[in-house]
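Handing you a structure now.
Every chain is numbered from 1 and lettered A, B, ... according to where its sequence line falls, protein lines coming before strand lines.
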Amino acid sequence: MDPSSVLDQTIQDVSNLQAEFTHILGEIRASDTQLLDQRKKYMQKDSQIHKFIRQHGSLQEHPKEQELSEKIREKMSACKNLQEQKCTMANTALYLVAKHLSRLEKNIGLLEEDGLLAP
Amino acid sequence: ELEHAKDMALLVARREKVTLDLLEQNMRIFDQRSNVKRLKRSLGIRG
Amino acid sequence: EYEKLKSELKKSLATRNKLEDEFERLEQEIYEKETEYFSGNNATSNTGIAGNRFSYGGNIIKGFDGFNKSHHHSAGHDSHNRGFNNDDRIFSLSSAIFVKQQQ
């Protein structure tokens with residue numbers, strides 16, 4: 001093992017990192033766009049409830065409040081699932097780069113121990 | 001290069017975690033508001 | 001019980017505000033880190049060869065092909081020096097909120 005071969009090996013190992021990152025971050029963005037759409041929908045329903053309260057006072061219940069609340073909770077839950085997927089994707093990207101970095105740091109440590117690389 | 005990429009990937013992972021926390025917080029707030037409204041109505045509290 | 005619920009709701013709203021601030025702070029930090037990284041203006045861009053200071057950065061978006069070779073040329077002749085534009089901000093652009101703000 002020498003510095004040149006470690007560098008060559010590392011470059012080979014990370015050759016796909018660009019594509020992986022582009023893909024993962026693209027997927028995160030697509031999911032985020034979906035999430036924003038869902039959020040807009042449940043916020044609109046929430047606004048309906050609050051508009052009714054403003055017009056009729058807080059003691060009167062919106063005729064469809066139960067139904068609206070149910071739908072809002074459903075959409076929030078869907079958003080949460082989407083967000084959990086995004087977290088997994090972000091953690092995957094982090095893991096991929098951390099794995100390569102860790103391997104490189106370990107190899108650098110070995111080269112330094114062998115005196116093949118200045119500390 | 002890898003350290004920079006890792007730093008940014010870590011920031012993105014943190015951002016997504018905070019977004020998840022925000023969503024959960026919004027769900028909590030929605031439920032709490034519903035409970036407050038229900039109690040206000042039963043107690044006849046206006047405003 | 002009503003006062004207790006109100007108090008809990010207020011606390012939840014305060015926590016949400018903190019989370020929103022944290023989110024904005026992280027988005028800003030990602031943006032700044034990208035600027036630092038992709039424009040190659042980091043202080044660690046030094047091959048260690050006396051007198052040579054290459055600026056490089058952004059391999060995570062431009063790939064690592066020719067990475068080894070590009071460091072034997074001066075920065076001015078670096079065929080991989082493709083500049084940097086906002087479309088390269090793949091980390092910031094992974095947030096739909098950021099994209100919307102840009103639009």
Side-chain angles (χ1 to χ4, degrees), chain A residues 10-11 13-14 17-18 20-21 24-25 28-29 31-32 35-36 38-39 42-43 45-46 49-50 52-53 57-62 65-66 68-70 72-73 75-105, chain B:
Chain A
T10 304
I11 290 168
D13 288 344
V14 302
L17 204 57
Q18 174 214 6
E20 284 167 333
F21 261 65
I24 290 171
L25 292 169
I28 290 176
R29 175 175 162 168
S31 297
D32 205 25
L35 202 150
L36 278 192
Q38 291 288 328
R39 188 168 171 261
Y42 77 64
M43 293 286 279
K45 291 193 188 329
D46 199 35
I49 297 175
H50 286 289
F52 185 89
I53 291 173
S58 51
L59 294 186
Q60 209 174 339
E61 192 176 321
H62 187 295
E65 190 164 316
Q66 292 279 32
L68 284 169
S69 296
E70 215 30 68
I72 290 168
R73 284 195 181 91
K75 293 223 177 289
M76 279 181 151
S77 192
C79 285
K80 193 183 161 193
N81 288 339
L82 262 173
Q83 187 54 39
E84 280 166 352
Q85 286 170 30
K86 285 169 67 203
C87 285
T88 304
M89 288 189 264
N91 289 339
T92 303
L94 176 58
Y95 167 74
L96 286 172
V97 66
K99 177 182 78 169
H100 291 302
L101 181 58
S102 167
R103 196 176 298 150
L104 176 59
E105 281 169 344
Chain B
E1 288 294 328
L2 290 179
E3 277 173 356
H4 277 293
K6 191 194 103 176
D7 286 346
M8 286 189 291
L10 179 59
L11 286 171
V12 168
R14 276 194 194 147
R15 182 193 70 197
E16 296 308 318
K17 177 65 173 71
V18 165
T19 307
L20 179 62
D21 290 343
L22 255 171
L23 269 168
E24 285 171 344
Q25 198 62 13
N26 279 331
M27 286 168 88
R28 192 170 296 126
I29 287 168
F30 180 77
D31 286 338
Q32 284 172 336
R33 276 189 169 139
S34 296
N35 292 338
V36 166
K37 268 187 289 191
R38 202 174 305 125
L39 201 51
K40 276 178 79 170
R41 280 168 194 151
S42 69
L43 294 172
I45 299 172
R46 289 180 185 278

Value rounded to 0.5 Å, distance of OG in A/S102 from NZ in B/K6
9.0 Å
Could you look at A/Y95 and say if it's the side chain, the backbone, both or neither that has a heavy atom under 4.5 Å from chain B?
neither
Which value, rounded to the nearest 0.5 Å, describes the distance between A/H62 atom NE2 and B/K37 atom NZ?
10.0 Å
Drop me the distance from A/C87's SG to B/R14's CZ, to the nearest 0.5 angstrom.
13.5 Å
So, do A/V97 and B/M8 sit near enough that their side-chain heavy atoms are less than 4.5 Å apart?
no
Measure distances from B/S34 to the heavy atoms of chain A and classify the residue's part below 4.5 Å as side chain, backbone, both or neither.
side chain
What part of A/D46 lies closer than 4.5 angstrom to a heavy atom of chain B: side chain, backbone, both or neither?
side chain
B/E3 versus chain A, the contacting section by heavy-atom distance below 4.5 Å:
both
Indicate yes or no: at least one non-hydrogen side-chain atom of A/L17 is less than 4.5 angstrom from one of B/L2.
yes
Of the listed A/T10, A/L104, A/N91, A/I72, the one with the largest count of heavy-atom pairs under 4.5 Å with chain B is A/I72
Measuring from A/L82:CG to B/L23:CG, what's the distance to the nearest 0.5 Å?
9.5 Å
NZ/A/K75 to CE/B/M27 distance, rounded to the nearest 0.5 angstrom?
13.0 Å
From A/R39 atom CZ to B/L22 atom CG, the distance as rounded to the nearest 0.5 Å:
8.5 Å
Side chain to side chain contact (heavy atoms under 4.5 Å, CB included) partners for A/A90, two or more places apart:
A/I28, B/V12, B/A13, B/E16
Where does A/L25 contact chain B at under 4.5 Å (heavy atoms): side chain, backbone, both or neither?
side chain
Only pairs under 3.5 Å count here: list side-chain donor-acceptor contacts from residues 38-47 of chain B, not counting sequence neighbours, and write none if there are none.
{"from": "B/R38", "atom 1": "NH1", "to": "B/N35", "atom 2": "OD1", "distance (Å)": "3.0"}
{"from": "B/K40", "atom 1": "NZ", "to": "B/G47", "atom 2": "O", "distance (Å)": "2.1"}
{"from": "B/R41", "atom 1": "NE", "to": "A/S58", "atom 2": "O", "distance (Å)": "3.3"}
{"from": "B/R41", "atom 1": "NH1", "to": "A/E65", "atom 2": "OE2", "distance (Å)": "3.2"}
{"from": "B/R41", "atom 1": "NH2", "to": "A/E65", "atom 2": "OE1", "distance (Å)": "3.2"}
{"from": "B/S42", "atom 1": "OG", "to": "B/L39", "atom 2": "O", "distance (Å)": "2.9"}

